[in-house]
Amino acid sequence: MSGDHSHNEGQIDCGSRVNDSYKHKDKYKEKEHKHKDHKKDKEREKSKHGNSDYRDSSDKKHKEKEKIKHKDGSTDKYKDKHKRKEEKLKSLDGKIKKEKENGFASPPYVKSEPEDEFYQSPRHDKSLKRERDDDNDSEFKPKKIKTENDKKAKKRKQDDDIKSKKTKNKKGEVTDGKKKAKKEPEEKWKWWEEERYTDGVKWKFLEHKGPVFAPPYDPLPSNVKFYYDGKPMKLSPEAEEVATFFAKMLDHEYTTKDIFRKNFFKDWRKEMTSEEKAIITDLKKCNFSDMSEYFKAQSEARKAMTKEDKQKIKEENERILQEYGFCIMDNHRERIANFRIEPPGLFRGRGDHPKMGMLKRRIRPQDIIINCSKDSKHPEPPPGTKWKEVRHDNKVTWLVSWTENIQGSIKYIMLNPSSRIKGEKDWQKYETARRLKKCVDRIRNQYREDWKSKEMRIRQRAVALYFIDKLALRAGNEKEEGETADTVGCCSVRVEHIKLYPESDGQEYVVEFDFLGKDSIRYYNKVPVEKRVFKNLQLFMENKEPDDDLFDRLNTSILNKHLQELMDGLTAKVFRTYNASITLQQQLKQLTNSEDNVPAKILSYNRANRAVAILCNHQRAPPKTFEKSMQNLQTKIDAKRDQLSDAKRELKISIYLGQINNISKKKAVQRIEEQLMKLEVQATDREENKQIALGTSKLNYLDPRISVAWCKKFGIPIEKIYNKTQREKFAWAIDMADEDFEF
DNA sequence: GGATAAACTTAGGAAGCCCAAG
DNA sequence: CTTGGGCTTCCTAAGTTTATCC
């Protein structure tokens, strides 16, 4: 009932989405330039027209108009932005672009169409005050287990003991004196059976050893040379290091891109001595190939290392992992996700990124902020260095942070997905999505009502929400121009990204979407929509330029505020989670045949998973070796077929000879048949998966309890669905879901 | 109330690893 | 033993949402 939006009819057919990311598309390139120049004008224009140009002023609306005008004026989203941008523009270009003549913002309110019946929309209670966290959610109340404060304290001390013992252990082997309890982190802690923190506190105790820094720069041997203008040139260590970054990427297509080269060269020059700067003025005259060869040789050498040497490295890595890869959080030793600081290098943005090639600088101890408990043993900075700061903020989950120099954003070291702190959050996410399931009908009715609203902003909000719901689009924040690739989501979609077809391929009211979304992955979809949506889209597009926002009176913050009123904890992305999970559940129900054998059932699972991946537009570049591996598989299948007919013939002969003892031959036939079937299934699966990435949805959108329940119901070992890492992440679900679980 | 910073989740690609086939 | 290929893990960019500031 509630879950049957069937938003993805026709999408489950894998062929319906063209899979083109930026790599394959040039179309976007042209647009981009145009777009950049336009956007500023556009916003200026919006503020100009913002609240003055509603076209229709039928008498009956006079009273409301006052109200609306007021409201609208105060919420016009472009006023200040416009100023900011203009200034920026001036300083950047040294001139002001000409104003756009005809860029219109949408009028604030809309004449009701004749067919609009007026009736009171079922007003829904907003009475539910937001009570921080989904504490009122019964499903998410872990059993109250012992409340123990001194117990905890005791336990913590014990943990400390264990740990300090361990760190003394030179070998890095996890043997600790008294027991092997450490090897098997004491019977897997079931955090989901314990009470959660409420008040925004994330932990009470946190101790860790700080980050692992990137190894220092190792200068090139003197026989490896850099050439400028054909002549060998010894570079200063600083300049040389940056040069090696480029050399290492030499056969990547990045290094052929203009922006990349320009950014790189600019930043490289900053690292040069004044002498170097004076000489090296043209990247084209730089020859890195000697360096490049050297690195290739190095990596070959690494591959060719003896087993013993490889083993040594592995052990060393394990030692580092044991020392730095774990922390103690509230009595438990938990795995850290990214305990290694990102090494310096050249920034590799995705898609047409304006900053690609810039130098990502080396992070030093004095850049690092440490977060841990006051009463813990604080991590030591490397000898002779200092941390930027040590703080004790237990309202956040990170252990280490630093500011990155490309976008100026903060990077964090946090815990592994298997940790309590991440797991609880993940669980909570799915519970929120399940609460949406309970009220999604109401919300859908609401936005359908809102398509008829007299206020433009409400109509836009309602249509956007419809897309987010039906098509599982992302929210689509505005992005600062020139800082990132030009990509969009629902709220930031522009007129140029959609096409309207009153009729197409025998369907009415078809909308064609074509834009670059997150990671510059192309979203292409052609879907029929409801008539009212279609009419609204026409209205939103009136008098607009291609690069104007489709929803000019909407942004993610407005949308999320609205959603928050509809349901506690509701945000745009909850719809993605909800629709993904409910789709998996439905598809599993529909596709699984209990008569099937295990491989066939798993194929069904993968197909259900695939339906979700298609819905969420999770694409991947077809593996480079795809065609070949497909062929190989086919060869195997053919061989297996031959083998099968041989085995069958032998069986026949044996029957013909009246042998009674042909059981083994029967078995052989059976076994081979099964193997063949398995291969064929594998081939199908792989073919269908060519450009579709299942991992993302599996890891981030599908309530793991659905999969666990399915496994239990059909006797599929969970290992067939989740690998080791995934089982660790979803341990809570594996432990708690039984076969009756319903999302 | 809008801009910006901070925190945290989601994402695809590259590198690493491991195992089966040759 | 070597190779190739597929799966896993690592990496870090790019989103969303929340918090804070003015």
Side-chain angles (χ1 to χ4, degrees), chain A residues 21-23 74-81 83-84 132 200 202 252 299 302-304 307 310 313-314 317 337-343 345 347-351 353 355-356 360 369 371 393 395-398 401 403-404 406-412 414-417 421-422 425-426 429 474-480 483-485 487-492 517-521 555-561 563-564 569-574 576-577 580 613 616-621 623-626 628-630 632-633 635-636 639 682 686 693 695-697 699-701 723-726:
Chain A
S21 62
Y22 56 90
K23 278 192 191 142
S74 56
T75 58
D76 195 306
K77 72 176 178 179
Y78 297 100
K79 281 223 167 105
D80 295 320
K81 197 166 157 189
K83 267 182 229 149
R84 184 167 52 84
R132 239 349 306 169
K202 302 293 169 59
H252 200 289
S299 87
R302 225 172 305 128
K303 272 186 224 154
K307 234 185 242 150
K310 279 185 183 165
I313 291 176
K314 216 174 146 187
N317 280 335
N338 54 329
F339 56 92
R340 288 171 202 273
I341 297 280
E342 297 172 17
F347 177 75
R348 306 154 84 120
R350 310 209 177 135
H353 197 117
K355 298 194 169 184
M356 63 168 82
K360 212 171 90 160
I369 301 174
N371 192 31
D393 181 356
K395 298 286 204 321
V396 296
T397 68
W398 53 268
S401 76
T403 302
E404 153 266 0
I406 303 289
Q407 318 276 358
S409 64
I410 306 173
K411 300 256 187 166
Y412 303 92
M414 294 181 185
L415 296 194
N416 200 64
I421 212 160
K422 293 291 183 190
K425 200 78 187 299
D426 206 37
K429 172 183 77 186
R474 296 188 185 82
N477 288 304
E478 309 96 299
K479 306 168 78 192
E480 204 172 336
E483 297 293 302
T484 60
T487 63
V488 301
C490 187
C491 294
S492 52
K518 182 177 180 180
D519 293 318
S520 294
I521 296 292
N555 61 35
T556 53
S557 135
I558 295 171
L559 180 65
N560 278 336
K561 257 178 213 137
L563 293 176
Q564 194 56 240
L570 188 60
T571 62
K573 86 187 183 87
V574 177
R576 245 166 108 79
T577 310
C616 293
N617 200 41
H618 291 142
Q619 302 188 18
R620 62 169 185 176
K624 287 181 197 76
T625 53
F626 185 82
K628 202 162 87 193
S629 87
M630 234 25 228
N632 290 159
L633 195 52
T635 317
K636 264 194 198 168
Q682 200 187 344
R686 194 181 298 175
T696 304
S697 50
L699 236 47
N700 300 300
Y701 288 102
N723 68 29
K724 186 162 156 286
T725 316
Q726 294 166 159

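Fair warning: this is a prediction, and the values are worked out from it, not measured in the lab. Throughout, a chain's letter reflects where its sequence line sits, starting with A, and its residues are numbered from 1.
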Taking only side-chain N and O atoms of [X], does any of them lie within less than 4.0 angstrom of OP1 or OP2 on [N]?
X      : N      : result
A:R576 : C:dT16 : no
A:H353 : C:dA14 : yes
A:Y701 : B:dA11 : yes
A:K573 : B:dC8  : no
A:S409 : B:dA6  : no
A:K395 : B:dC8  : no
A:T487 : C:dG15 : yes
A:N700 : B:dT9  : no
A:K202 : B:dC8  : yes
A:T571 : C:dT17 : yes
A:K411 : C:dA13 : yes

query: Below 4.5 Å, heavy atoms only, C-beta onward: do A:L559 and A:C491 meet side chain to side chain?
result: yes
*Side chains of A:K422 and A:N416 in contact at under 4.5 Å (non-hydrogen atoms)*: no
Measure from [atom1] on [X] to [atom2] on [N] and round the result to the nearest Å.
X      : N      : atom1 : atom2 : value
A:K561 : C:dT18 : NZ    : P     : 11 Å
A:R686 : C:dG5  : CZ    : C1'   : 9 Å
A:L559 : B:dG2  : CG    : P     : 15 Å
A:W398 : B:dA5  : CH2   : P     : 16 Å
A:N338 : B:dT10 : CG    : P     : 16 Å
A:R348 : C:dA14 : CZ    : P     : 12 Å
A:N617 : B:dA11 : CG    : C1'   : 12 Å
A:Q407 : B:dT4  : CD    : P     : 15 Å

May I ask you to say what [X] touches in the nucleic acid, namely base, sugar-phosphate or nothing, with a heavy-atom cut-off under 4.0 Å?
X      : answer
A:N477 : base
A:K429 : sugar-phosphate
A:P343 : sugar-phosphate
A:T397 : sugar-phosphate
A:T556 : nothing
A:Y412 : base
A:A572 : sugar-phosphate
A:G695 : nothing
A:K303 : nothing

**Message:** Between A:K355 and A:E483, is the side-chain contact (heavy atoms from CB on, under 4.5 Å) condition met? List the steps.
**Reply:** CA-CA 7 Å; A:K355 298 194 169 184; A:E483 297 293 302; 3.0 Å; yes
Go through [options] for me and flag the one nearest to the [X] side chain.
X      : options                : value
A:R474 : B:dC8, C:dG15, C:dA14  : C:dG15
A:K422 : B:dT9, B:dA11, C:dT12  : B:dT9
A:A693 : C:dA13, B:dG12, B:dA7  : B:dG12
A:A475 : C:dT16, B:dA11, C:dT12 : C:dT16

Original post:
Could you go step by step and tell me if A:E404 and A:S409 meet the side chain to side chain donor-acceptor pair (under 3.5 Å) rule?
Top reply: CA-CA 6 Å; A:E404 153 266 0; A:S409 64; 2.9 Å; yes
Notebook entry, point to check: Any donor and acceptor pair, going by atom type alone, linking the side chain of A:N555 with main-chain N or O of A:N477 inside 3.5 Å?
Noted result: no
* Asked: Do the side chain of A:D519 and the main chain of A:I521 share a donor and acceptor less than 3.5 angstrom apart?
  -> no
(Q) Regarding B:dT10, can its base be found pairing with the side chain of A:K518 as donor and acceptor, where the two atoms are less than 3.5 Å apart? (A) yes
*Using distance alone, with no hydrogens and no angle criterion, decide if A:K479 and A:T487 have a side-chain donor and acceptor under 3.5 Å apart.*
yes
Assign each of A:K360 and A:G489 the nucleotide of DNA chain C bearing its closest heavy atom; nearer the 5' end lies the nucleotide of A:K360
- Query: What class does the angle between the rings of A:Y412 and A:W398 fall in, given that below 30° is parallel, 30 to 60° is tilted and above 60° is perpendicular?
  - Reply: tilted
